[in-house]
Q: 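Just dropping this structure here.
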Protein chains: 2
Amino acid sequence: MSTIKDVAEAAGVSIATVSRALHGLPRVSEATRQRVLTIAADLQYVASPSAAGLASGQTMAVGVVAPFINRWFFAAVVHSAEELLRAAGYDLLLYSLGTDADERRRAFSGNVLRKRVDAVLVLGLQPTPEEVAALSSAGGPVAIVGVAVPGWASVRIDDEAAARTAVRHLVDLGHRRIGYIGGEPHDPLHSAAPADRLRGYREELRAAGIAPDQQLEAVGGFTVRGGMDAMDALLALADPPTAVFAASDEMAMAAIHVARRTGMQVPGDISVIGIDNQEMSELFDLTTVAQPVDAQGVLAAELLLGALSEPNRPRPSVTVPTSLIVRGSTAPL
Amino acid sequence: MSTIKDVAEAAGVSIATVSRALHGLPRVSEATRQRVLTIAADLQYVASPSAAGLASGQTMAVGVVAPFINRWFFAAVVHSAEELLRAAGYDLLLYSLGTDADERRRAFSGNVLRKRVDAVLVLGLQPTPEEVAALSSAGGPVAIVGVAVPGWASVRIDDEAAARTAVRHLVDLGHRRIGYIGGEPHDPLHSAAPADRLRGYREELRAAGIAPDQQLEAVGGFTVRGGMDAMDALLALADPPTAVFAASDEMAMAAIHVARRTGMQVPGDISVIGIDNQEMSELFDLTTVAQPVDAQGVLAAELLLGALSEPNRPRPSVTVPTSLIVRGSTAPL
DNA sequence: CTGAAAGCGCTTACAG
DNA sequence: CTGAAAGCGCTTACAG
């Protein structure tokens, strides 16, 4: 495990020169730089991140804060953001919060992240004003995916518009009794998307002259299990819906499964539409509103890297477009 | 952003005493300890990981090396391992390798991880002997999920046995012409499971007196897209299979979709079985060999923490059981 | 029980 | 173009 001193001795220069050469700084002769580079490679020298971080004040790490890493959207975004971040020399520190409020407080307190990372990427969480203040005071730039936060760079889809697109599609097919499968009413994670999607659902119904009916709004919690339970509840209604809009593809697929298990035809007896367009959706022949997930990860990484290199640059708020993908799970009433 | 000096001054003690008090070390009076703790909390003091790491030689971080973080198995294992690791005070550094050979070499070189993390958790990769040597020489303990490596703690299922269970189920139903959908023949990631599952498939066929037929072995690459293509190929055979064993649920679901799209009934015309038992599988009424994914993540974390606290303890190799889950995608010939 | 001091391995003005 | 030296914020023997 060689240190900078080993490299310096082998090269016959000071450790300061080694440091400069390795960082591509000026004030090192080309000949010296080459010699140092060669020797460093020979010795398999890698600077100690702890020492470099202590001396420079930079950790060269980015914290990724998400509710769950094992959910399609978050995993996909992290995956596509990682490549850029790593190429820029940053390591990724993972903080998946689960539903633990304490864990969340810790991650957002700023004190933990402040000394560990240079920047933070927040996924799918709606931070409270206190959390925004705490994380912002940590000093480093923050980028957030899924919701716009003043002062932070953000990337998201227009959740309300996406929901309206989905409902509009069902309305256009002649449906009037349209169910909704969404998130928890009191989401401990304060995710942003669910509330916007619910609002979009209601708005588009109203725009079509349909009065929203609370009975038609079921809780799916963005899980397969929850989606099944929600669909069970909707089908048990005295006056069940003829179409269902689920706020995620996973819940939509669960809904289709439940409908079929009950002996109903999809879309013959009931139409189902989701949001996401994930890999599996094609297998269910699911009509859905597609959101570009790779693009969101890449954009978030780019915004973060931009903020890191130009701290005073304004922090953009980017909205990426969604698009209706009509497959076979929806049909005219 | 308070430092240990701020705490020391406020408490009227030396920084050495603050450090001891905060770490729960002996040789600090209870009264002093309490005072320091209170003041540290007031000041929201958190020790700088860089400084602590440089001084102590411990990073309090664990590196997670996996091919893809956005695949069901890896995401689920990371998720369940994270909780324990974090509770023990370790941060998680994510290294997802993709298919980039250079990136893989870097992660496995030992030099990168050595100075960044105290231990490494490898997921679903079959390291070469050189990689084992390199990572082992880094000094810290390594745990690996998905394959046994001498000298490393490991957690896995018996992939060959799981495959045999799946094939045996089909054979018991009377099938003789059984297709296989598996990984790439020349997997750049050297994943371990695919080869073992293929071997199990062939072995069980032989045990049933059936000669393996290369034509029935299709490449699905563990993706939905690949699974669909593989099934297309199998169904296009002059003498197509009456049953298909896919090495993952995702590929199995893709196979079912393709069969149905072709107008076939599942399981009426063709039976399909997978491995995993992930959340979605119930939606496809998929018969599968279940593997306990949470347990694997938890066990891997425990083995790693155990090795961290007792470096000389032997490194166990744990095999967790799989079980056949019979649903509705398989039927007698 | 407590403190002074060395040292961890770098980066970065400052001199030359 | 290069080096000596200070300093980053801790931990940890060593004294007392």
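Throughout, protein chains are lettered first and strands after them, A, B, ... in sequence-line order, and every chain is numbered starting at 1.
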Q: Nucleotide range of DNA chain D contacted by chain A, 5' to 3', under 4.0 Å to a heavy atom?
A: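 It runs D:dC1 to D:dC10.
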Q: Looking at B:V13, is its backbone amide N or carbonyl O close enough to the side chain of B:T17 to form a donor-acceptor pair, meaning the two atoms are under 3.5 Å apart?
A: no
Q: Find the distance between CD (A:Q126) and CD (A:E131) and round it off to the nearest 0.5 Å.
A: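 If I round to the nearest 0.5 Å, the distance is 9.5 Å.
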Q: Can a donor-acceptor pair be found, under 3.5 Å and without considering hydrogens, that links the side chain of A:S309 to the backbone of A:G306?
A: yes
Q: Just verifying a value: how many Å separate A:T59 OG1 and A:D118 CG, rounded to the nearest 0.5 Å?
A: 3.5 Å
Q: Pick from A:I69, A:V145, A:V65: which one makes a side-chain contact (heavy atoms from CB on, under 4.5 Å) with A:L123?
A: A:V145
Q: Output the residues of residues 36-50 of chain A in contact with DNA chain C, where contact means a heavy atom of the residue under 4.0 Å from an atom of the strand; sort by number or write none.
A: A:Y45, A:A47, A:S48
Q: Taking DNA chain D as the partner, which of residues 6-19 of chain B come within under 4.0 angstrom of it by heavy atom?
A: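 Hits under 4.0 Å, by residue number: B:I15, B:A16, B:S19.
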Q: Less than 4.5 Å apart, any side-chain heavy atom of B:Y45 and any of B:S2?
A: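 A side-chain contact exists here, since the closest heavy-atom pair is under 4.5 Å.
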Q: Expected output check: what is the dot-bracket annotation of DNA chain C, where ( ) and [ ] are pairs inside the strand (brackets for crossing ones), | is paired with another strand, and pairs are Watson-Crick or G-U under 3.5 Å?
A: |||.||||||||.|||
Q: Tell me if a side-chain donor or acceptor on B:K5 pairs with a main-chain N or O of B:I15 at a distance below 3.5 Å.
A: no
Q: According to salt bridge (Lys or Arg N to Asp or Glu O under 4.0 Å), does anything in residues 292-315 of chain A pair up with another residue at least two apart or in another chain? List the pairs.
A: A:E310-A:R313
Q: Roughly how far apart are A:Q296 CD and A:I157 CD1, rounded to 0.5 Å?
A: 6.5 Å
Q: Which residue lies toward the 5' end of DNA chain C, A:A55 or B:R35, if each is placed at its nearest nucleotide?
A: B:R35
Q: Return the CZ to CZ distance between A:R71 and A:F222, rounded to the nearest 0.5 Å.
A: 8.5 Å
Q: Heavy atoms, side chains only, cut-off 4.5 Å: are B:S48 and B:T3 in contact?
A: no
Q: Quick test of your reading: applying salt bridge (Lys or Arg N to Asp or Glu O under 4.0 Å), list the pairs with at least one residue in residues 6-23 of chain B, sequence neighbours left out, ordered by first then second residue.
A: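 Those involving residues 6-23 of chain B do not exist here.
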